[in-house]
Amino acid sequence: MKLSDYIAKFLAERGITHAFGMSGGAAVHMFDSISRRPDMEIISMTHEQCAAMAADGYARASGKMGVAISTSGPGATNLLTGICCSYYDSIPTLMLTGQVSMHRLKGSHQLRQLGFQETDVVSIFQSVSKYTVQLKKAEDIRLLLEEAFYIAFEGRPGPVLIDIPDDLQRAEIDPKRLIGFCMPSQQGENERLDQQIAALLLKIRKAVRPVLVLGGGAKTPFVGSALIDCVERLGIPVLVTWAGLDLLPANHPLRVGTFGVYGSRVGNLTIQNADFIIALGTRLSQNLTGGILSSFARDAEIAMVDIDEHEMNKFDGKGIQINLRIKTRLSSFFEKLIVQLNGFDAPDWSPWGSKLDRWKNLFPKDLSPQPVTTIPFVDANDFVSVLSDYLPADAVLYVDTGGNLTWTCNSLATKVAQNVYSAWNHTPMGYALPASIGAVMHNQKRSITCIIGDGGLMLCLAELANIAHHQLPIKIFLFNNHSHGIQKQTLETWLGGRKVGVDPSSGVAFPKDWIKVAQSFGLATFTINNMEFLAQVLTDVYSELGPVFINVEINPEQKLYPVLKFGDALENQMPQLEKINIDSEMLIAPFQKIAKKIENSDESSQG
């Protein structure tokens, strides 16, 4: 059997139906082998970066390994941004990179390059993957594939890469004589986890203002119905990170909302006034805590459950104390927690619940100022709120970054069977469209919605051709605010509004007519620039069976509010409310802001 045929067979036997890539000389054998299988399809993307992102989107939607294939040199290096998305979000993907033939590898010679398009892929990708290896002998292919699959899913999931020289791809092998990978013995959960859960429940019983935080780690892999079962048995108010937005439906009585730098004001008041926080599936990134760590939940004990102990230890000496650290997979945690919750009686937290209800009524959503203009547009938050009512019950949303991600996460009312994905931590512009392609390839019967900004679409514009070519049923909502809005707001906050590279007046170019661009690819199109006919347009959009491109005209001056300016505590977001309002509502002492001139910050520019 040809080695590339073995690779295709190996992937198909593990339920992988699609691989994504861009053909090139050092990868033609892998492309050919996959294309000849009736149970697999190779999807030709227009850029390798988009191939890696499509593999990432496929993995998030399916729970299976996402696979991308590239040629050597520039084909391989183009995968880098996509593999970073998978690495930082714990998504299992497999990159198969072609390489020059063995006799053309520079080896130990002090050369920059020997073979044409030879590049040391292993060194480049090692820091952003769990496992990166180059195949040296054809007979090792089974070993490396099995090891890569094991490592990708073991512990904290993530991407893996195998670099395969061209001559080895076409080598003949005997599958019966290949050596396999011996998986390490799996040690069962010991008594320590039971003891830690018992200690956690004891702390919960003593808490007066507890908060449960649900993050995206509960989806990598997805822990299933046990999560909601445990949440409801505990009866603790719930905050969700953006990555965990879909873990609890928006109308669930225990759900309070989002929190963080761009989170809801009510959510921030909740986390800041808590006396006990249970963090599940979240690493509590700076976008959640704010930049001044000592200001975060400063009167609370924190329990954290994470498979990666480094994520729990990173706060040591930095201003946040993790009091109880439980290193385990969330699936194991919930399996044991649900047993110990038998007979659990939640304390009376009604005074805390009443306070949360008061904040929900006292601090409604912040709205951006509506400048007088003759140009028709819609408010992004209002649009997302209405969109929530028209999304299909099983909708899957892929959202890009910046303003469109912020407005979506703060205004979308998710339902039980809906899912929301983004490249939460690497957050590159141009992710959502190729990731949507990966998702729809997994299941074309499920409704896929892509939300992307005009800046982001410019980075992956060519994939509209792919969507039209395959007639993929993706609904593409372009949030068209004619600028890089989040960066424009950053410049207004920190640099006196001196604009450089954020809109047409400062050097950024966009198409004059997005509708004509989409139509040139053969897509059905709509424009939304007022709320009056929005309901009918959305009804028409989701009545279409094929792909649809919707240009949503967003107020170019719409701000991302509320937002935290670096140096403040989470309870003091912009636009500032009357200080007496915040201080009178706080249940803990005010934070003493550091008296130091702050020149700049990455905080107010992050989505």
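Side-chain atoms are counted along with the backbone in the values below, which use heavy atoms only and exclude waters and symmetry mates. In this text, all values refer to a predicted model and were calculated from it rather than measured experimentally.
At a threshold of 4.5 Å between non-hydrogen side-chain atoms, the residues Asp308 and Lys327 do not count as touching. The side-chain heavy atoms of Val266 and Leu356, taken from C-beta on, include no pair separated by under 4.5 Å. Contact of the Ile204 side chain with the Leu234 side chain is registered, since non-hydrogen atoms from C-beta on lie closer than 4.5 Å. No side-chain heavy atom of Met531 sits under 4.5 Å from any side-chain heavy atom of Asp379. Side-chain atoms of Val378 and Glu553, non-hydrogen and from C-beta on, never get closer than 4.5 Å to each other.
For the residue pair Tyr542/Thr449, the side-chain donor-acceptor check at 3.5 Å is satisfied.
Residues forming a ring pair (Phe, Tyr, Trp, His ring centres under 6.0 Å) with Tyr88 (at least two apart in sequence, or on another chain): His426. A search for salt bridge (charged side-chain N to carboxylate O under 4.0 Å, His left out) contacts involving Lys203 returns Glu301, not counting sequence neighbours.
When atom types are taken as modelled, the side chain of Asp306 and the backbone of Glu309 share no donor-acceptor pair closer than 3.5 angstrom.
Taking the six-membered ring for Trp and thresholds of 30 and 60 degrees, Phe259 and Phe296 have nearly parallel ring planes, at less than 30 degrees apart.
Only one option out of Ile338, Val223, Leu200 pairs with Phe333 in a side chain to side chain contact (heavy atoms under 4.5 Å, CB included); it is Leu200.
Cation-pi geometry between Lys565 and Trp494 is met: under 6.0 angstrom from the ring centre, within 45 degrees of the axis.
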Counting only pairs under 3.5 Å, give me each side-chain donor-acceptor contact of residues 451-459, with atom names and distances, residues two or more places apart or in other chains.
| residue | atom | partner | partner atom | Å |
| --- | --- | --- | --- | --- |
| Asp454 | OD2 | His482 | N | 2.7 |
| Asp454 | OD2 | Ser483 | N | 3.3 |

Would you list the atom pairs, donor with acceptor, under 3.5 Å between side chains in residues 210-220 and any protein atom, with sequence neighbours excluded?
| residue | atom | partner | partner atom | Å |
| --- | --- | --- | --- | --- |
| Lys219 | NZ | Ala243 | O | 3.0 |
| Lys219 | NZ | Asp246 | OD1 | 3.0 |
| Lys219 | NZ | Asp246 | OD2 | 3.1 |
| Lys219 | NZ | Val420 | O | 2.9 |

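The aromatic ring centroids of Phe383 and Phe479 lie less than 6.0 Å from each other.
Applying the salt bridge (charged side-chain N to carboxylate O under 4.0 Å, His left out) rule to pairs touching residues 419-431 yields nothing, sequence neighbours excluded. Evaluation of the salt bridge (charged side-chain N to carboxylate O under 4.0 Å, His left out) test over residues 83-92, restricted to residues two or more places apart or in two chains, returns Arg60-Asp89.
Minimum heavy-atom separation, Leu324 to Ala199: CD2-C, 4.5 Å.
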